[in-house]
Amino acid sequence: MTDILPYLERIRARFDEPEMRASFRGFARTIQFIFTDLSRNFTLNIAEDGAATLAEQTVPQPDIKVTTTSDTLAAILDRNLNPVHAYVTRKIKATGKMDDLLKLQKLL
């Protein structure tokens, strides 16, 4: 089990970068992260202006839902695991509109 909060904060901090914020402008979405090994859920809310906030909470109908373990997400963000390989081998599951899921690749 990995302390996942620093990894999620790293994702959220990417929205502080001017280029990243600009590329997500107009992409107001809620992303729910469900960690099966931690029994903890986090929500990343992307605002219309491209800013993002992170909170430990569960929302009833997120735009995108990512289900995985803390170790898998940490390995992806540390570049020790290819995200496509993790998806194909069902180590990470993502549901939502395909266009939205493809846009999220910029965060990895």
Side-chain angles (χ1 to χ4, degrees):
M1 264 190 259
T2 301
D3 179 11
I4 201 63
L5 199 52
Y7 288 93
L8 291 172
E9 183 52 39
R10 215 162 71 185
I11 292 172
R12 200 236 30 95
R14 301 263 338 260
F15 289 91
D16 293 339
E17 300 169 10
E19 288 177 18
M20 186 65 69
R21 184 175 282 204
S23 72
F24 278 89
R25 190 163 284 126
F27 185 79
R29 302 287 190 281
T30 301
I31 305 168
Q32 181 77 65
F33 289 93
I34 299 168
F35 295 99
T36 56
D37 59 330
L38 300 177
S39 298
R40 294 174 78 183
N41 299 331
F42 293 86
T43 303
L44 182 71
N45 288 302
I46 304 170
E48 196 66 35
D49 68 354
T53 57
L54 179 68
E56 185 168 356
Q57 66 183 16
T58 303
V59 293
Q61 293 190 355
D63 298 300
I64 300 163
K65 186 165 42 171
V66 178
T67 306
T68 189
T69 64
S70 59
D71 291 338
T72 298
L73 186 63
I76 290 170
L77 293 174
D78 285 339
R79 307 255 188 257
N80 295 327
L81 178 61
N82 180 298
V84 173
H85 179 73
Y87 183 78
V88 170
T89 58
R90 314 259 317 141
K91 290 183 179 183
I92 189 168
K93 298 173 189 164
T95 58
K97 292 181 182 174
M98 186 55 71
D99 291 347
D100 293 350
L101 297 175
L102 292 173
K103 181 124 177 145
L104 291 182
Q105 287 182 344
K106 292 182 179 190
L107 297 175
L108 304 177

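Between I76 atom CD1 and H85 atom NE2 the span is 10.0 Å, to the nearest 0.5 Å. The CG atom of L81 lies 7.0 Å from the OG1 atom of T89; values are rounded to the nearest 0.5 Å. Note that CZ of F33 and CG of L8 are 6.0 Å apart. Values are rounded to the nearest 0.5 Å. Summarising the geometry, atom CD1 belonging to I11 is positioned 5.0 Å from atom CG belonging to L73; distances are rounded to the nearest 0.5 Å. Taking CZ from F15 and CD1 from I46, the interatomic distance works out to 3.5 Å, rounded to the nearest 0.5 Å. Atoms CZ and CG, from R14 and L44 in turn, are 12.0 Å apart once rounded to the nearest 0.5 Å.
Screening residues 22-31 for side chain to side chain donor-acceptor pair (under 3.5 Å) gives R29-D100, T30-N45 as the qualifying pairs, with residues at least two apart or on separate chains. Identified under the salt bridge (Lys or Arg N to Asp or Glu O under 4.0 Å) test for residues 31-46, with sequence neighbours left out: R40-E56. Here salt bridge (Lys or Arg N to Asp or Glu O under 4.0 Å) pairs that include residues 58-83, with residues two or more places apart or in two chains, are R10-D78.
I34 belongs to no hydrophobic cluster with other residues, because no ILVMFWY side-chain heavy atom falls under 4.5 Å from its own, directly or through intermediates. Taking a 4.5 Å side-chain heavy-atom cut-off between Ile, Leu, Val, Met, Phe, Trp and Tyr, the cluster of V88 extends to V84.
With sequence neighbours excluded, no residue forms a side-chain hydrogen bond (donor to acceptor under 3.5 Å, both in side chains) with E17.
Surrounding OH of Y87 are at most 12 heavy atoms belonging to other residues, nucleotides or ligands under 6.0 Å away.
Linking ILVMFWY residues whenever their side-chain heavy atoms come closer than 4.5 Å, directly or via other members, places F24 and L101 in the same cluster. At a threshold of 4.5 Å between side-chain heavy atoms, the hydrophobic network of Ile, Leu, Val, Met, Phe, Trp and Tyr places I4 and V59 in two separate groups.
Contact check for T69 versus K91: no side-chain heavy atoms found under the 4.5 Å cut-off. Residues N41 and F35 have side chains not in contact (no heavy-atom distance under 4.5 Å, counting atoms from C-beta outward).
Without hydrogens or angle criteria, E48 side chain to F27 main chain gives no donor-acceptor distance under 3.5 Å.
Between A52 and R12, the shortest heavy-atom distance links the atoms O-CD, 3.3 Å.
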